[in-house]
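Order of the sequence lines fixes the chain letters, A, B, ..., with proteins taken first and strands second; residue numbering starts at 1 for each chain. Because the structure is a prediction, the values reported are computed rather than measured.
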Amino acid sequence: MNEDKEIPKNYDFVTKEPFWQEFWEKAGIYKFDTESEKSVFSVDTPPPYVSAAHLHVGHAMSYSQAEFVVRYKRMMGFNVFYPMGFDDNGLPTERFVEKKHKIDKSKISKKEFIELCLKETKEGGETYRNFWRSLGISVDWSLLYSSINDHCQRTAQRSFIDLFQKRLIVRKEEPVVWCPTCQTALAQSDLEDMEQDTFFNYINFKFEDGAIAPIATTRPELIPACVALYTNANDPKFGKYIGKKAIVPLFDYEIPVLADENVDPNFGTGLMMVCTFGDSEDIERWKRDNLETRIAIEKNGRLTDIAGKYSGLKIKEAREQILNDLREDSTLVKQEPLQNVANVHERCNTIAEFIITPQWFIKVVDNKDDWRKRGKELNWYPKFMKSKYDAWIDGLKWDWCISRQRFYGVPFPVWYCEKCENIILPKDKDLPVDPSSMTDLVTECPKCHSHDIRPEVDVMDTWMTSSLTPLINSYWQYPENVSLMKKIYPMNLRVQAFEIIRTWLFDTVVKSHYHTNSLPWKDVMISGWGLDDKGRKISKSLGNFVEPETIIRQYSADALRYWSAESTLGQNLRYNEEEIKVGKRTVTKLWNATKFVFIHLSDYKFDPNFDQTNLDDADRWILEELRLAVINYHTNFDQYEYAKAKDAIFHFFWDNLCDNYLEFVKHRLYCEEDSIGKEAAKWTIYKVILAVIKLWAPIMPFITEELYQMFFKNSEEEISIHISRLPLETDFNNNSEIAAKFNSILQIVEEVRKYKASKNYSIKKQLAKLVVSSDNNVILANNELLQNVLSIKEIISGKGEQEINSDLSISIIEENAE
RNA sequence: GCGCGCUUAGCUCAGUUGGUUAGAGCAUCUCGUUUACACCGAGAGGGUCGGGGGUUCGAAUCCCUCAGCGCGCACCA
C-alpha cells in the first residue's frame, strides 16, 4: 500500500466506479489479444435491439449473469473474446421509430425513414453503451459491431449467396404469414398466441338439392373466399353429399363438397368451410386437393373486389356487416361465445393473415433430424432448456421466410431479369450491395442479355443477420482473417435468455450447420428473466419499471450485480431491493475488513516461501476453510452456476473470515513486539484477503479493483485484479485434520456463548471469541477465564466433548454469578 | 391437449447421487458493542418441505396421482 496516504474511512463508489471503468478501458484490460498463444474463450452475446430504449433491472440482471462467467474465465487465464453488438436494423427498430415519431410507412420516403432509423439507433446505442459501462460489463469495445454496418451487411449477403448456391434458399410464391399492420411477410417464429373472445357463428349454406348445409365458423368475413365444404365420409347426415355441390350464401356461387377423414362429425356442425385462407388447415387442403383460389383479403387487411359490396372494408367491419346481412335473411342461425387463440404478430399484436406473395425462404422443415442432432451435440446449461428447442423443431410447419416488405434492413443481393426471370447475383467484391440504389451494377442479364433488369426491393428479416453473430464476429469468408476464425470459431459459449431459443438460438444453429457444417458454439447458457417484486414481467405498461441507473446511483453497480448473482441458472429472479442492500453491505464489509488488515500490514512484504510450519491452528483452519470454498467456487463456476459460487465466497467471507478469524488474529496483530506468531498471522491474512477479493472480483468488479489497487498493487504483478489469476485448490496445503479439530473446539465455544446469551449475561465480544496462541494452545481471551484453558486443552487431548462442555458452562456461570 | 420449470420459515430462495436435530439472507424480537465495520456482533422465535398414496431400515430428495402458479409447443372448421 501507499504509506503516505491515509486510508479513507469510507469507500465512495459514486466517484470510484466511473473511475475504474475508465481505467479499464484506457489500460485495455479487456482487450482480446489476437497474437496470444493462450487458450481462447469466445463468447457470443445478444446484440439487443436498440429500440428497447429504456432498460430495466431485468436487462441489468441478464447481462451481469453472462458477464460473471466472462470475468471468471478471464481470471482463469483465458484469452477472452467478448464482443458486443447492436441489433439496429429490421422490423423492431422500424416499429420503434414509427411509434416514437408517429409515422405512417406509406407517407414517408424510404430515404427519410432510414435516416430517422439511423439517428434513433445511434442514440439508442449510446444509451446502451453508457449503461453497460456503468454496470461494469467487461466488453472489448474494439469488437463492437452493429447489424446495419457494412461488415454485417456483407456477411448477411454472403450468407444469402452461399445458401442460394447450395440451393438451401428458394424463392416461392405461396401462402405466407402476413401482418396487415406492418404490411410485410413474416416467419413462423414472429408469431405469438393471443387469447381472444369471439363467436362461433352457425351459418346455413345450401346443398344443390336445396337442403340446408349448416357450417360453423369464427371468420364469417371469409365467406366470399369459401372454396369448398368438407365432411367426414362416415358422417350420417352429410356423408351422402360428398361429390355434390353447395351454394355459398350472400355470394351465391357453387362450391364442391369434399371428403376428409380429419373432419370430426361431432365438432361444430360436422361440415367444415374451407377458404382462401383462414388458417393452415385451409392451406393444407388447398394444396392437397387443388382447390380454387379466391383471395378476399388484401395486403392492407381490407377486403378485395371478390367481396362485392363488402370490398374495401376492414376485416372486423366486414365481419359485422356480413353477420348483419346473414342475420336478416335468417341464414345466421346462432352465435356461441367462444374463447380461442389467434396467431398475432409479436411486434404489433395484429392478427396475422395468409397472403399469396413471392418470398424468399430458407429450407428448414425438411431437415428436422439435423436440427435435433445439433441440439443433442450442444451442451445446455441448464439442461432442461433443451426441451424448448426440441418443441420448436417438432412444431415447425413452414420454411423460414426471410424477406420483409420493409425499408430498413439488409437488402437482398439480387436482381431479376424481367425477360427470362433469371436471378442475378452480384460479385463478392461488390458486397455489400443495395440493388435498388445501385442500378448500374447489373445492367444486363448474363443469360438472355436483356437489359430489362429489376432490382429486389425487399429487405431481410432481422434474424437473418443476428443468426450470424458467431460468423460476423469471426469474420467468416474474409480470406485475410482466417486465423481469427480458427481461433474463436466455433465459439465456446452462447449466452441468452430462454424466450429467444426458437429464434436466435435455433436460427444460429441452422446457419452454422449450413455454412460451416458445425455447431456455432460448444456451450449455451440460458438465463431466466428479471421480474418485478411480485413476480410479474417488467414492462412500462404495468408501471413496475425499475431503472438500473437509479439503483446504481443509490447502491452501486456492485450491489446491483450482487442481486443479479442470486438466481440459480435458468430461473427467473424477482426484483428485491433488500438483496441489493445486502450487496451494498458486502461492499462496505469488504472495504472495512481489508482496511483493518492493512492498518497492521502497512510495511508488510509478502513472502511466498514463508515457512508454513510456523502457522497457528487458527491460520491453518482459515486456510483450510478457504481451500474448501475455492473448490466449491470452481466446481460451480465451471458449470456456469455463478449463484452457487457466490454463496461459497459469501459464506467464507462473512462467517469464517470476518466473524471469526479476524477476531482470532487480533491479539497477535495488536501485539507490540515482533514474533514469528505475528509474522504467521500477517502472512496468512495477506494471502486470505487477496484470495477473497479475487474470488469476489467476477461478481463485484469495482470494490475489488479499488482494494487491489490500494493495497496489493505494489506487491502483485498484474496491473488490474481482473487479469490476475484466481486462487486454485493447489495454492493451499491440505490442513483438513487440524481444521477438523479446530472446528470441534469452535463448536464448544459456540455452546458456551449460546449458554451465556440465553442467561442474559453481559459478555464482551472478545470474551466470546476463541483465540489460538502461537504454541497451538487454545485460550479464551479473557484473563478471568484463563483457567478454562486447561479444560479446552483436555478436550483436544481426548476427553469427551459433552462432559467438558458442561464443565465449561458451569464454571462460567460461577464466574459471573452475582 | 402435450412438454418443461416451480410449490421448503412472514418474505426471497439454497438444499449435489435418499442418511444424524431441514439451511441462508432479509424481516421480527432479545442482548451486546470505546479499539475494521451500527452498512456491526451474539442469540431467540418461526417450517407436519403444496395435498394424497407408494417404495425403503430411512424420503424435501425416488415412483404414482391430484392441485395451484409460470413458461413453451400444439390445437384453434
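The side chain of Gln188(A) sits closest to A74(B) out of A77(B), G3(B), A74(B). Counting only heavy atoms from C-beta on, Val582(A) has its side chain closest to C26(B) among G3(B), A74(B), C26(B). Nearest to the side-chain atoms of Ala391(A) among the listed nucleotides G25(B), C73(B), C76(B) stands C73(B). Side chain of Gln571(A), nearest nucleotide from G5(B), C26(B), C37(B): G5(B). Taking the side chain of Phe650(A) as heavy atoms from C-beta on, and the options G25(B), C75(B), C37(B), the nearest nucleotide is G25(B).
Between Arg585(A) and C40(B) there is a side-chain polar atom (N or O) within less than 4.0 angstrom of OP1 or OP2. Between Thr568(A) and C13(B), a side-chain N or O to OP1/OP2 separation shorter than 4.0 Å is absent. Note on Lys397(A): a side-chain N or O is less than 4.0 Å away from OP1 or OP2 of C75(B). The side chain of Lys644(A) places an N or O atom within less than 4.0 Å of a non-bridging phosphate oxygen (OP1 or OP2) of G15(B). For C39(B), the OP1/OP2 oxygens have no side-chain nitrogen or oxygen of Gln554(A) closer than 4.0 Å.
Between Arg285(A) and Glu281(A) there is a salt bridge, with a side-chain nitrogen of the basic residue lying less than 4.0 Å from a carboxylate oxygen of the acidic one. No salt bridge links Lys644(A) with Asp647(A); every basic N to acidic carboxylate O contact stays at or beyond 4.0 Å. Between Arg219(A) and Asp282(A), none of the side-chain N atoms (NZ, or NE/NH1/NH2) sits under 4.0 Å from a carboxylate O, so this pair counts as no salt bridge. Using a cut-off of 4.0 Å between Lys/Arg side-chain N and Asp/Glu carboxylate O, Lys397(A) and Glu284(A) are scored as not salt-bridged.
Under the Watson-Crick or G-U wobble criterion, with both distances below 3.5 Å, C26(B) is paired with G10(B). As the counterpart of C69(B), G5(B) is assigned, both hydrogen-bonding distances of the Watson-Crick or G-U wobble pattern falling under 3.5 Å. Pairing for C49(B) is absent, judged as Watson-Crick or G-U wobble with the two contacts each under 3.5 Å. Nucleotide G41(B) has C31(B) as its partner under the Watson-Crick or G-U criteria, with both atom distances under 3.5 Å. Remark: C57(B) base-pairs with G19(B); criterion is Watson-Crick or G-U wobble with both hydrogen-bond distances under 3.5 Å.
Contact annotation for Tyr230(A): no contact, since no heavy-atom pair falls under 4.0 Å across all strands. Contact annotation for Asp279(A): backbone-only contact, meaning every heavy-atom pair under 4.0 Å involves sugar-phosphate atoms and none involves a base. Among the heavy atoms of the strands, none lies under 4.0 Å from Val587(A). As judged by a 4.0 angstrom heavy-atom cut-off over every strand, Arg219(A) is placed among residues making no nucleic acid contact. Using a 4.0 Å heavy-atom distance criterion, Leu662(A) is classed as a base contact. Using a 4.0 Å heavy-atom cutoff across all strands shown, Asn343(A) reaches at least one base atom of the nucleic acid. Using a 4.0 Å heavy-atom distance criterion, Glu499(A) is classed as making no nucleic acid contact. At a threshold of 4.0 angstrom between heavy atoms, the contacts of Lys595(A) are confined to the sugar-phosphate backbone, with no base atom among them. As judged by a 4.0 angstrom heavy-atom cut-off over every strand, Val341(A) is placed among the base-contacting residues. Across all strands shown, Gly395(A) has heavy atoms under 4.0 Å from sugar-phosphate atoms exclusively, and none from any base.
In this structure, Lys383(A) atom NZ and C4(B) atom P are separated by 16 Å, rounded to whole Å. Remark: P of G70(B) and NZ of Lys534(A) are 16 Å apart, rounded to the nearest angstrom. Between Trp654(A) atom CH2 and A42(B) atom P the separation is 10 Å, expressed in whole Å. Summarising the geometry, the separation between CD on Glu336(A) and P on A77(B) is reported as 14 Å, rounded to the nearest angstrom. Rounded to whole Å, the distance from CZ on Phe384(A) to P on G5(B) is 7 Å. Atom P of nucleotide G15(B) and atom NE2 of His651(A) are separated by 16 Å, given to the nearest angstrom. The OH atom of Tyr575(A) sits 14 Å away from the C1' atom of C26(B) (whole-angstrom rounding). Residue Glu192(A) contributes atom CD, which lies 9 Å from atom P of C73(B) at whole-angstrom precision.
Ranked by how close their nearest RNA chain B nucleotide is to the 5' end, His600(A) and Met272(A) are led by His600(A). Between Arg574(A) and Asp282(A), the residue whose closest nucleotide on RNA chain B is further toward the 5' end is Arg574(A).
Going from the C1' atom of A27(B) to that of C63(B) covers 38 Å, rounded to whole Å. U34(B) and U21(B) have their P atoms separated by 41 Å, with the value rounded to a whole Å.
Nearest heavy-atom pair across Leu229(A) and Ala213(A) is CD1-CB, 4.3 Å.
The closest side-chain donor-acceptor pair between Trp591(A) and Glu706(A), if any, does not fall under 3.5 angstrom. Looking only at atom types and distance, the side chain of Asn379(A) has no donor-acceptor partner in the side chain of Tyr640(A) under 3.5 Å away.
Taking the side chain as every heavy atom from C-beta outward, Asp655(A) and Phe650(A) never approach each other to under 4.5 Å.
Where stacking is scored as ring centres under 5.5 Å apart with planes under 30°, Phe267(A) registers as stacked on the base of A77(B).
Put simply, the side chain of Lys589(A) and the base of C37(B) share a donor and an acceptor less than 3.5 Å apart.
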